[in-house]
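Input: a single structure, listed below in C-alpha cells.
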Amino acid sequence: MGTDIKKMTLLTLFKQHNDEFKLKVGKTRAESTHRMYCDVYNHVSNFLKLKYNISDIPLVELKESFIKNFDFYLRCEKNFRANTVRLYMVPLKRISAMAHDYNIIAIDPFKHFVAEKESVDIGYLTMDEVEAMISVELPTNLLEIIRDMFIFCCFTFVALINITL
C-alpha cells in the first residue's frame, strides 16, 4: 500500500545510502567521498537536534525551507565558507533526489535552491619559483625524486596523482 515508504526518514535513507556507498569504496567510489557523506550525515543529525529538537525527520516533511535553514546552519553555526557549504549540500541533494526518485516525496526541495558560489583565486607558481625548486639541494634521495616528479608534472600537465614511485 506504500504506507511504510511514506514513513521513511531522512537519516534512515541517508544511512542506508552511506552503507551501500561504503561497499563500493575501492571499487567504483573513493574513501574520501564516503567520509564526506558521513560528515554531512553527522551535520544533518546535529542540525536536526539543534534547530528542530528532533532526532530525525520524515522525508515527506522535507521542504525548501529545511534546505535553506541547513545552508544557514553550515554558514553561521559551523562557519563554513560558501564553497564548502556548496560541496556539503551535494550529499543532501543526492539523498533528496533518491527520495524523489523512489516517490517518497512529490517535489524535490532542491528544485529552486541554488547554493552560493565563491570565486577563489587559486594562484600559480611563477617560473622563478619553479626554477628555485629545481635548483634547491634536498637532504634525501626520496625528496629529490618527489620534487622531480612534481616538476615533471608542471611541464607536462600530467596530474601528480597519476605518478607512482
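Since the model is a prediction, treat every value here as computed from it, not as a measurement.
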Next item on the list: Say whether Val114 and Leu62 are linked into one hydrophobic cluster, either directly or through other cluster members, by side-chain heavy-atom distances under 4.5 angstrom.
Entry: no
Next item on the list: Write down the atom of Ile67, the atom of Pro109, and the distance for their closest heavy-atom approach.
Entry: CG1-CB, 3.8 Å
Check: With a cut-off of 6.0 Å (strictly less than), are more than 12 heavy atoms of other residues, nucleotides or ligands near CD1 of Ile107?
Finding: no
Next item on the list: Might you work through the side-chain contact (heavy atoms from CB on, under 4.5 Å) test for Phe72 and Phe47, ending with a clear yes or no?
Entry: CA-CA 10 Å; Phe72 183 82; Phe47 167 69; over 6 Å; no
Checklist line | Residue pairs passing the side-chain hydrogen bond (donor to acceptor under 3.5 Å, both in side chains) test where at least one lies in residues 31-56, sequence neighbours excluded | finding: Thr9-Asp56, Tyr52-Asn69
Item checked: Hydrophobic cluster partners of Leu143 (side-chain heavy atoms under 4.5 Å) -> Val136, Leu138
Item checked: Set of salt bridge (Lys or Arg N to Asp or Glu O under 4.0 Å) partners for Glu61, sequence neighbours left out -> none
Next item on the list: For residues Leu87 and Pro91, report the shortest heavy-atom separation together with the two atoms involved.
Entry: O-CD, 3.4 Å
Check: Side chains of His100 and Ile104: does their closest heavy-atom pair fall under 4.5 Å?
Finding: no
Checklist line | Heavy-atom closest contact (Val85 atom, Leu74 atom, distance) | finding: CG2-CB, 3.8 Å
Note to self: I need the full list of salt bridge (charged side-chain N to carboxylate O under 4.0 Å, His left out) pairs touching residues 62-72, with sequence neighbours left out, sorted by first then second residue.
What the structure shows: Glu64-Lys68, Asp71-Arg75
Next item on the list: Report yes if some heavy atom in the side chain of Tyr102 is under 4.5 Å from a heavy atom in the side chain of Leu59; otherwise report no.
Entry: no
Next item on the list: Among residues two or more places apart or on two chains, list those pairs meeting side-chain hydrogen bond (donor to acceptor under 3.5 Å, both in side chains) that have a residue in residues 15-30.
Entry: Lys15-Asp19
Check: What ring pair (Phe, Tyr, Trp, His ring centres under 6.0 Å) pairs are there with at least one residue in residues 131-159, not counting sequence neighbours?
Finding: none
Next item on the list: Would you please name every residue forming a ring pair (Phe, Tyr, Trp, His ring centres under 6.0 Å) with Phe113, sequence neighbours left out?
Entry: Phe110
Notebook entry, point to check: Do Phe80 and Tyr73 come close enough that some side-chain heavy atom pair is under 4.5 Å?
Noted result: no
Note to self: If the condition is side-chain hydrogen bond (donor to acceptor under 3.5 Å, both in side chains), which residues does Thr140 pass it with, not counting sequence neighbours?
What the structure shows: none
Check: Can you name the side-chain hydrogen bond (donor to acceptor under 3.5 Å, both in side chains) partners of Arg81, sequence neighbours left out?
Finding: Glu118
Note to self: My understanding is that only residues two or more places apart in sequence, or in another chain, count here; which of them pass salt bridge (Lys or Arg N to Asp or Glu O under 4.0 Å) with Glu144?
What the structure shows: none
Margin query: Minimum heavy-atom separation for Arg86 and Lys117, please, with both atom names.
Written below: NH1-CB, 3.6 Å
Notebook entry, point to check: Tell me the side-chain hydrogen bond (donor to acceptor under 3.5 Å, both in side chains) pairs involving residues 121-133, sequence neighbours left out?
Noted result: Thr126-Glu129
Next item on the list: Might you point out which heavy atoms bring Ser96 and Asp108 nearest each other, and give the distance in Å?
Entry: OG-OD1, 2.5 Å
Notebook entry, point to check: Which is it for Arg94 and Val90 under the side-chain contact (heavy atoms from CB on, under 4.5 Å) test, yes or no, and what are the steps along the way?
Noted result: CA-CA 6 Å; Arg94 173 72 187 117; Val90 170; 5.6 Å; no
Notebook entry, point to check: Should Val120 and Met89 be regarded as members of a common hydrophobic cluster, given that ILVMFWY residues are connected when their side-chain heavy atoms come within less than 4.5 Å of each other, either directly or indirectly?
Noted result: no
Item checked: Hydrophobic cluster identity match, Leu13 and Leu23, side-chain contacts under 4.5 Å -> no
Next item on the list: Mind checking side-chain contact (heavy atoms from CB on, under 4.5 Å) for Ala159 and listing every partner two or more places apart, or none if nothing turns up?
Entry: Ile161, Asn162
Checklist line | Test item: Ile57 and Ile54 side chains (from C-beta on) under 4.5 Å apart, heavy atoms | finding: yes
